[in-house]
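Structure first, then comments.
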2 protein chains.
Amino acid sequence: MAGLTYKEAGVDIDAGERLVERIKPLAARTKIPELLDGVGGFAGLCALPTDIADPVLVSGTDGVGTKLKLAFELDRHDTVGVDLVAMCVNDVLTVGARPLFFLDYFATGRLDVDRAEQVVAGIAEGCTQAGCALLGGETAEMPGMYADGEYDLAGFAVGVVSRAAILDRRRVRPGDVVLGVASSGLHSNGYSLARRVLLGAAAPCRLDETPPGLDRPLGETLLTPTRIYAGACRALLAAAEVHALCHVTGGGLPGNLPRVLPPDVDLVIDERAWPEPAIFGLIARLGGVDRAELRRTFNLGVGLVAIVPPAAVSAAMAALEGAGEAVFRIGEAVPRGGAAGSAPQVLFS
Amino acid sequence: MAGLTYKEAGVDIDAGERLVERIKPLAARTKIPELLDGVGGFAGLCALPTDIADPVLVSGTDGVGTKLKLAFELDRHDTVGVDLVAMCVNDVLTVGARPLFFLDYFATGRLDVDRAEQVVAGIAEGCTQAGCALLGGETAEMPGMYADGEYDLAGFAVGVVSRAAILDRRRVRPGDVVLGVASSGLHSNGYSLARRVLLGAAAPCRLDETPPGLDRPLGETLLTPTRIYAGACRALLAAAEVHALCHVTGGGLPGNLPRVLPPDVDLVIDERAWPEPAIFGLIARLGGVDRAELRRTFNLGVGLVAIVPPAAVSAAMAALEGAGEAVFRIGEAVPRGGAAGSAPQVLFS
């Protein structure tokens with residue numbers, strides 16, 4: 001073996017640099033006033049907003065899961081970046097924080113600059129929707145780690161909240177009202193089950209066809225980007241007293257709502273209170289997936305939950321609707337029915 | 001298909017929860033006073049140090065690259081987490097920041113709880129070395145995305161620096177002295193080339209054998225964790241005036257040093273000034289890799305560079321040595337020799 005180069009070993013530094021040049025204008029569009037530009041050759045720098053007293057940093061990380069496989073199958077790469085930002089930012093929002101900046105990790109076997117640019121364009125679009133800066137990122141070319149044409153994504157969001165304004169579970173009281181904010185579909189959870197049912201070996205469906213009950217082809221329905229609730233939360237927190245915010249992610253309503261409840265409160269949820277998107281019924285029917293499994297795998301149409309005192313309901317609903325969300329009164333907080341020491345319950349009426 | 005569950009579709013939520021329980025004590029060991037415990041069900045919360053005036057946040061993300069393949073081949077998973085933290089934190093250190101917290105993303109095809117726990121134990125060890133809190137993480141089980149037994153890792157570090165103390169490239173002047181701090185080996189760069197040369201189809205080497213010139217078996221040599229320079233940088237910045245810090249990562253000395261240079265300064269580096277670890281010569285010899293390619297792929301024994309004014313050299317070297325580092329005077333800053341508008345050069349004497 002003579003004169004071997006890094007490129008021949010599968011890592012094309014020049015392609016990486018071409019990508020960096022294409023990312024620059026995309027990231028520049030996400031600039032916020034707090035960003036320190038032109039310093040920090042190795043890391044991104046961001047000051048704190050000056051209007052947040054006693055600031056506390058809030059951070060979350062997530063990926064897009066096997067929703068990526070749909071992007072590969074449909075060869076459409078400009079939406080999963082929105083999902084990536086959404087999954088991280090929606091977590092950060094739940095403590096009442098304002099998203100500040102975001103970083104991404106993009107890993108692939110052989111770097112395709114065009115495809116990677118589409119992915120980052122989606123990430124920049126997500127950052128714009130979330131009102132945060134795309135502060136940095138890593139592109140990893142790892143020969144032999146990913147199948148041809150495939151990639152993985154990880155995201156990291158940092159937000160900031162005034163210490164006195166942190167939403168924590170102690171605020172929720174019996175009598176509080178549960179508001180459900182509509183999701184845009186599956187968001188980024190449950191795709192391994194959805195794909196197995198809809199597109200597996202016994203596949204009854206094709207991505208380019210529109211199954212009965214759906215209004216768009218299956219592929220388009222499944223690839224719909226996760227809704228980013230940054231604008232909704234900002235409007236809500238400015239307009240109404242809020243006791244808790246819950247991101248309905250992996251685990252669904254029964255898996256996530258207990259994360260924002262104090263030990264002495266249960267929730268009763270009425271599943272007839274919102275229109276469940278047809279895709280979930282399709283998965284249940286074709287896969288014979290029972291209701292409990294469906295509930296703890298998918299959001300079933302509710303992507304964000306706000307728990308508010310009764311007096312705040314109208315202001316909260318008006319604020320969310322004003323921010324462009326569909327919102328439903330889906331349940332209420334009740335005194336804890338279970339044994340002491342057990343976890344709070346989500347009861348479906 | 002009847003009664004399909006998420007677990008049958010390849011995602012074992014219970015295994016994920018078992019892992020979370022095992023991670024808790026590992027993360028707890030990395031606690032710092034700024035951490036807000038017990039709030040934020042969806043995100044990690046961390047206050048700012050009170051002794052840093054006008055704080056600016058500094059953030060970086062990175063992965064471990066195909067060094068992971070060595071962990072798979074050696075079935076040793078408790079060191080790559082140190083690499084992950086090192087790659088992110090060493091970037092954050094270069095602006096003079098103190099690492100504050102870290103988050104990780106761990107993605108695999110089928111979650112092996114024991115293996116994942118070993119990885120996270122390494123991450124927690126890295127956080128302890130860096131003096132930052134392991135604030136959160138995501139474990140993604142993605143059926144069909146990774147080969148059996150394989151995984152990918154991404155890391156994300158946030159640090160903080162006083163605005164007035166930010167190291168930026170404008171500080172470096174001709175006459176400044178370049179100090180090289182020893183690396184622990186390849187760190188986490190160039191593994192696709194190293195593996196191709198040492199372990200490829202024409203593989204002359206075995207991981208369990210010790211090639212001539214090395215003091216340990218090849219596998220152990222290659223898997224040596226990346227050095228974390230947090231303690232070294234803290235000691236250095238407290239003891240001496242520093243004009244720039246450079247993390248020698250992908251791109252080597254010629255790729256990284258220009259990132260900390262102002263437009264009117266070049267560097268002259270004397271490669272005989274430090275002992276180059278034998279592993280680099282072995283790769284060069286067996287792969288026929290020429291010197292320029294070697295330089296821009298590997299750190300060649302210098303993992304961190306500090307550029308200091310001449311008057312600060314002895315204090316800087318003493319501080320670094322006191323922090324347990326091996327440090328060498330490897331070059332100096334000179335007036336820019338190239339055409340106006342071109343990038344600063346690193347010249348090897």
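What you see is a predicted model; the values in this text were computed from it and never measured. Below, chains carry the letters A, B, ... as their sequence lines are ordered, and counting in each starts from 1.
- Between the OG1 atom of B:T297 and the CG atom of A:L4 there is a distance of 9.5 Å, given to the nearest 0.5 Å.
- Panel note: side chain B:R196, backbone A:E8; a donor-acceptor pair is recorded below 3.5 Å.
- Contacts of B:D104 with chain A are made by backbone atoms alone, with heavy-atom separations under 4.5 Å and no side-chain atom involved.
- Using a 4.5 Å cut-off between heavy atoms, B:L36 touches chain A through its side chain atoms alone.
- If you measure heavy-atom distances from B:C88 to chain A, you find no contacts under 4.5 Å at all.
- B:V11 touches chain A through its side chain: at least one heavy atom from C-beta onward sits under 4.5 Å away, while N, CA, C and O do not.
- To the nearest 0.5 Å, atoms CG (B:L135) and OG (A:S59) are separated by 6.0 Å.
- Both the backbone and the side chain of B:A154 come within contact range of chain A, with heavy atoms under 4.5 Å apart.
- The backbone N or O of A:E293 lies less than 3.5 Å from no partner atom in the side chain of B:Y6, so there is not a single donor-acceptor pair.
- Atom NZ in A:K69 sits 8.0 Å away from atom CE in B:M142 (nearest 0.5 Å).
- Between chain B and the options A:G60, A:G250, A:S192, the largest number of non-hydrogen pairs under 4.5 Å is found for A:S192.
- No donor-acceptor contact under 3.5 angstrom links the side chains of A:Y105 and B:D62, judged on distance only.
- Interface remark: B:V160 contributes no atoms to any contact with chain A (heavy atom separation under 4.5 Å).
- B:F42 is not listed as a side-chain neighbour of A:V95, based on a closest heavy-atom distance of 4.5 Å or more.
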